[in-house]
Amino acid sequence: MSTEPTSPAVPGEEDTTTTLDVLIAERRRKRDSLAARGLDPYPSRFDRSALAAELHADHQGLEADVHTGVVAKVAGRITAKRGHGRLSFAELTDPTGSIQLLMQESNLSESAQAVLDATDLGDWIGAEGEVVTSRRGELSIDVGELFMLSKALRPLPDKWHGLTETDTRYRQREVDLLANPDSRRVFDIRFAVIAALRALMAAERFVEVDTPILQPQAGGALARPFLTHANALDIELSLRIAPELYLKRLVVGGYERVFEIARNFRNEGIDTRHSPEFTALEAYQAFGDLDDGMDLSERLIVGAAEASTGRLTFRVGDKEVDLTPPWPRLHLLDLLEAKVGRRLHPSDPVEDVRAVCGKFGVEFLPTWGSGKLIFELYDAVILPEVTNPVFIVGFPIEVSPLARHSADDPLMADRYELCIDGREFVNGYSELNVPDEQDERFAAMAAAGEGDLEVPPADAAFVRALEFGLPPTSGLGIGIDRLVMLLAEVEAIRDVILFPMLRPEQA
RNA sequence: GCGCCUCUAGCUCAACGGCAGAGCAACGGACUCUUAAUCCGCAGGUUCUGGGUUCGAAUCCCAGGGGGCGCACCA
């Protein structure tokens, strides 16, 4: 035991030892003290016999000071220590909860005592002993053997306040997860949602597939892609912005029900609701139309909510959202008529629709047609009013280049969006399966959006696939991150993404 | 991209023009029933970085960096 060299050695020589260095050195010293006794501070394995939650469940309602005669081996991180001389308490936390370790010097083996002396908050510890209750009635392990499973060299954040600095929480998510139970709760919901969606889709006889992320031409949405380069082929590639076109090619190929839980990449703004990489479930169902798609959306979201949280009502800000089905299905043009006081239609002269936009403070570009303007009006005056889920049905063809036009209206598409709390959660439609029409729409888009970085060139391979015949198909996409935000009741998309994109740390 | 806010000990936060402090964690000590244990003692700082104003700057000003929020684009 020696004093740490914390004082400057030579005048003029820079002393860069920080508090953190001293804390780490202290933990290294304890680790080395174990090694010196022949105790491996990083052993290869440990046999756990019980989880904290199991112990609490199996020994409910015991009196104080009870000896059960049951021996258990537990493992986890030390999250609190309370020493009393020759008696110590510690809290050991595993993924299911915490269990108290009761350590009496008289009961501890010699090696257990050495491990106890070398234990800091944050260490991975294994403990073996009888399940008892303390004199105050707390369920505990009366420890006989104690094992260092992995020595933590860095100190943990404050046990009471946790880690609050958002920067650190995102950059060192592992620390956030081990220090902040609420962060763990959010991600538990996320992965329960994804597992539930997979199970629900399997039950609906959808096949899960995976399609290229590196694509010669990103399509299926309007967005600026990330670009990269393939050395072997010496070609430019894009990261996908949506899996849509490949999935429909699989339906052409005979996969009548397919889905992909797809990471998509869009090289655009980052804010509370947008992340450059985000996750969407896209599903395509042959012989279905938009009503089948809305039915499926409803089953998936209700099922995922129940499986991950057991609830159907959620707080969002100061509002409550109720997901209890069935959800209303309302036509976009009807809603707009009620809101703006006149019936609008994509066939209206563009000056008329612009006038309505002006009246409601909706800004627009001169290149936009009546259909796009109607969509913008919807975004500005309909969406923000929505709280509980509502399917909004019928969108202008002008903003739906991959959707089938309505049977009775060539300027409107059989497309719907599911809106909750002012946001779009699902976008779905009856797929356009007429190859010539698709080709024309690509060409029209390219012409209208010349110079626009978001408009992709026509996808010839996709059109060729349509020429082999795409059956009538219902397609939909669900934003997983937003769904998790709703179910976990958090405000920022970065709180539901484990390692969100940030500027790299300075060296 | 533009605007506003923020950065102090390992963590959580004070000090807001006048000696940089507290709690937790650490370190030394007391304690066999605590559970945010308690008590005594001790230590811990490039106040994000660089300039400037001032007798004096963590504090005010300028520039830069990280992060957050809002607006715009987008899902």
Side-chain angles (χ1 to χ4, degrees), chain A residues 1 3-4 6-7 14-27 29-30 64-65 79-91 98-108 120-122 132-140 142 152-172 175 179-180 221-224 241-242 264 266-280 363 365 379 383 417-419 423-427 452-454 477-483 485 491-495 500 502-506:
Chain A
M1 196 186 318
T3 324
E4 293 303 328
T6 52
S7 52
E14 212 176 346
D15 175 21
T16 55
T17 305
T18 64
T19 308
L20 179 59
D21 293 330
V22 173
L23 294 174
I24 290 175
E26 182 60 31
R27 285 170 177 251
R29 183 187 66 75
K30 291 179 182 171
D65 215 1
T79 48
K81 266 181 88 181
R82 299 178 284 275
H84 286 265
R86 282 178 287 284
L87 169 70
S88 293
F89 296 94
E91 222 154 88
S98 292
I99 182 75
Q100 177 167 271
L101 304 183
L102 188 161
M103 293 169 290
Q104 313 184 68
E105 198 176 277
S106 50
N107 279 9
L108 292 174
D120 287 303
L121 293 183
V132 301
T133 53
S134 70
R135 281 182 208 160
R136 292 290 173 87
E138 173 85 15
L139 190 70
S140 309
D142 188 0
L153 295 181
R154 287 177 180 271
L156 262 56
D158 188 285
K159 65 182 172 185
W160 189 246
H161 299 100
L163 185 66
T164 62
E165 185 97 2
T166 47
D167 186 23
T168 313
R169 290 209 303 118
Y170 297 149
R171 287 190 197 281
Q172 296 176 234
V175 181
N180 296 331
L222 292 181
R224 296 183 63 175
I241 55 175
N264 297 322
R266 299 189 183 175
N267 207 344
E268 292 172 347
I270 304 176
D271 62 32
T272 316
R273 297 176 181 188
H274 300 269
S275 168
E277 53 180 303
F278 66 100
T279 304
E363 293 181 8
L365 296 177
D379 237 21
L383 250 189
E417 288 192 351
L418 172 67
C419 300
R423 310 180 204 188
E424 177 194 331
F425 277 70
V426 177
N427 183 18
D452 188 337
L453 293 161
E454 292 192 352
I478 302 179
I480 303 286
D481 309 279
R482 286 183 174 180
L483 179 59
M485 288 168 68
E491 307 278 330
I493 197 168
R494 282 173 162 169
D495 287 330
L502 296 174
R503 228 167 266 284
E505 283 183 77
Q506 306 289 59

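Not measured: the values here are computed from a predicted model. Letters A, B, ... mirror the listed sequences (proteins, then strands); counts begin at 1.
- Residue A:Arg169 is out of contact with every strand shown, counting any heavy-atom pair closer than 4.0 Å.
- For the C1' atoms, the distance from B:C48 to B:U6 is 11 Å, rounded to whole Å.
- Between the NE2 atom of A:His161 and the C1' atom of B:A22 there is a distance of 12 Å, given to the nearest Å.
- No engagement by A:Thr133 is indicated, since no non-hydrogen atom pair under 4.0 Å with the nucleic acid exists.
- The side chain of A:Leu502 has B:G67 as its nearest neighbour among B:C27, B:G67, B:C33.
- A:Arg171 and A:Pro504 make their closest contact through NH1-C, 3.9 Å (heavy atoms, listed as atom of the first residue, atom of the second, distance).
- A sub-4.0 Å separation between OP1 or OP2 of B:A30 and a side-chain N or O of A:Arg86 is absent.
- Rounded to whole Å, the separation between the C1' atoms of B:G70 and B:C16 comes to 26 Å.
- The distance between atom CG of A:Leu383 and atom C1' of B:A75, rounded to the nearest whole Å, is 11 Å.
- The residue A:Gly83 sits close to a base: some heavy atom pair falls under 4.0 Å.
- The nucleotide B:G18 finds its pairing partner in B:C55, both defining distances of the Watson-Crick or G-U wobble pair being shorter than 3.5 Å.
- Proximity note for A:Lys159 (side chain, C-beta onward) versus B:A26, B:G45, B:A36: the nearest is B:A36.
- Between A:Phe278 and B:A75, a base-stacking contact is recorded: ring centres under 5.5 Å apart, planes less than 30° from parallel.
- Closest approach of A:Ala223 to A:Arg266, counting heavy atoms only: CB-CD, 3.5 Å.
- Judged by distance alone with a 3.5 Å cut-off, a donor-acceptor contact links the side chain of A:Asp158 to the base of B:G23.
- A:Pro157 approaches A:Val175 most closely through the heavy-atom pair CG-CG1, 3.6 Å.
- A side-chain hydrogen bond (donor to acceptor under 3.5 Å, both in side chains) with A:Gln100 is found for one member of A:Arg82, A:Glu138, A:Glu91 and no other, namely A:Arg82.
- Between B:A63 and B:C13, the distance separating the two C1' atoms is 29 Å to the nearest Å.
- Rounded to the nearest Å, the gap between the C1' atom of B:U54 and that of B:C39 is 46 Å.
- Remark: the separation of the C1' atoms in B:A22 and B:G45 is 14 Å, to the nearest Å.
- At the phosphate of B:G10, OP1 or OP2 sits under 4.0 Å from a side-chain N or O atom of A:Thr19.
- Scanning atom types as modelled, one donor and one acceptor separated by under 3.5 angstrom connect the side chain of A:Asp271 and the base of B:C73.
- Look at A:Arg503 and you'll find a side-chain N or O under 4.0 angstrom from OP1 or OP2 of B:G67.
- Using atom C1' as the reference point in both B:C33 and B:G44, the two lie 33 Å apart (nearest Å).
- For the pair A:Asp481 (side chain) and A:Thr279 (backbone), a donor-acceptor distance under 3.5 Å is present.
- OP1 and OP2 of B:U32 both lie 4.0 Å or more from every side-chain N or O belonging to A:Ser88.
- B:C27 atom P lies 14 Å from atom CD1 of A:Ile24, rounded to whole Å.
- As a whole-Å value, the separation of A:Asp120 CG from B:G10 P is 16 Å.
- The side chain of A:Glu26 sits closest to B:C27 out of B:U35, B:C69, B:C27.
- Listed nucleotides B:C31, B:C27, B:A36 differ in distance to A:His84; the shortest reach to its side chain belongs to B:C31.
- For B:C2, the paired nucleotide is B:G70, the pair qualifying as Watson-Crick or G-U wobble because both relevant distances are below 3.5 Å.
- Mapped onto RNA chain B by nearest heavy atom, A:Pro155 and A:Leu87 fall at different nucleotides, with A:Pro155 at the one closer to the 5' end.
- Base-pair partner of B:A63: B:U49 (Watson-Crick or G-U wobble, both distances under 3.5 Å).
- For A:Pro157, the listed nucleotide lying nearest its side chain is B:C11; candidates were B:G66, B:A75, B:C11.
- Nucleic acid contact class of A:Glu424 (heavy atoms, under 4.0 Å, all strands): sugar-phosphate only.
- Closest contact between the side chain of A:Arg135 and the listed nucleotides B:C13, B:C69, B:U32 involves B:U32.
- Checking B:A26, B:G28, B:U12 against every side-chain atom of A:Leu23, the shortest atom distance belongs to B:A26.
- Taking all atoms of both residues into account, the shortest heavy-atom contact from A:Leu383 to A:Cys419 is CD2-SG, 3.2 Å.
- Residue contacts for A:Ser134: at a heavy-atom cut-off of 4.0 Å it reaches a base atom on one of the strands shown.
- For A:Thr272, taking side-chain heavy atoms from C-beta onward, the closest of the listed nucleotides B:A75, B:C33, B:C69 is B:C69.
- Taking only side-chain nitrogens and oxygens, A:Thr166 never comes nearer than 4.0 Å to OP1 or OP2 of B:U6.
- For B:C39, the paired base is B:G29 (Watson-Crick or G-U wobble, both distances below 3.5 Å).
- Between the side chain of A:Gln104 and the main chain of A:Asp142, no donor-acceptor pair closer than 3.5 Å is present.
- A:Arg27 has its CZ atom 13 Å from the C1' atom of B:C27, to the nearest Å.
- Residue A:Arg82 places none of its side-chain N or O atoms closer than 4.0 Å to OP1 or OP2 of B:U35.
- Residue-level contact check: A:Glu363 touches neither bases nor backbone, having no heavy atom under 4.0 Å from any strand.
- When the C1' atom is compared between B:G65 and B:G50, the two are found 11 Å apart, to the nearest whole Å.
- Rounded to whole Å, the distance from CD1 on A:Ile99 to P on B:U35 is 17 Å.
- Both A:Glu165 and A:Glu277 sit near RNA chain B, but only A:Glu165 has its closest nucleotide nearer the 5' end.
- With C1' as the reference atom, B:G41 and B:C4 are 47 Å apart, rounded to whole Å.
- The distance from atom CD1 of A:Ile493 to atom C1' of B:C69 is 16 Å, rounded to the nearest whole Å.
- For B:C27, one of the phosphate oxygens OP1 or OP2 lies less than 4.0 angstrom from a side-chain nitrogen or oxygen of A:Lys30.
- Applying side-chain contact (heavy atoms from CB on, under 4.5 Å) to A:Leu139 and the options A:Val132, A:Ile99, A:Leu102 leaves one that passes, A:Ile99.
- If you take CD1 on A:Ile478 and CG on A:Asn427, they are separated by 11.0 Å, rounding to the nearest 0.5 Å.
- Rounded to whole Å, the distance from CG on A:Leu163 to P on B:C13 is 10 Å.
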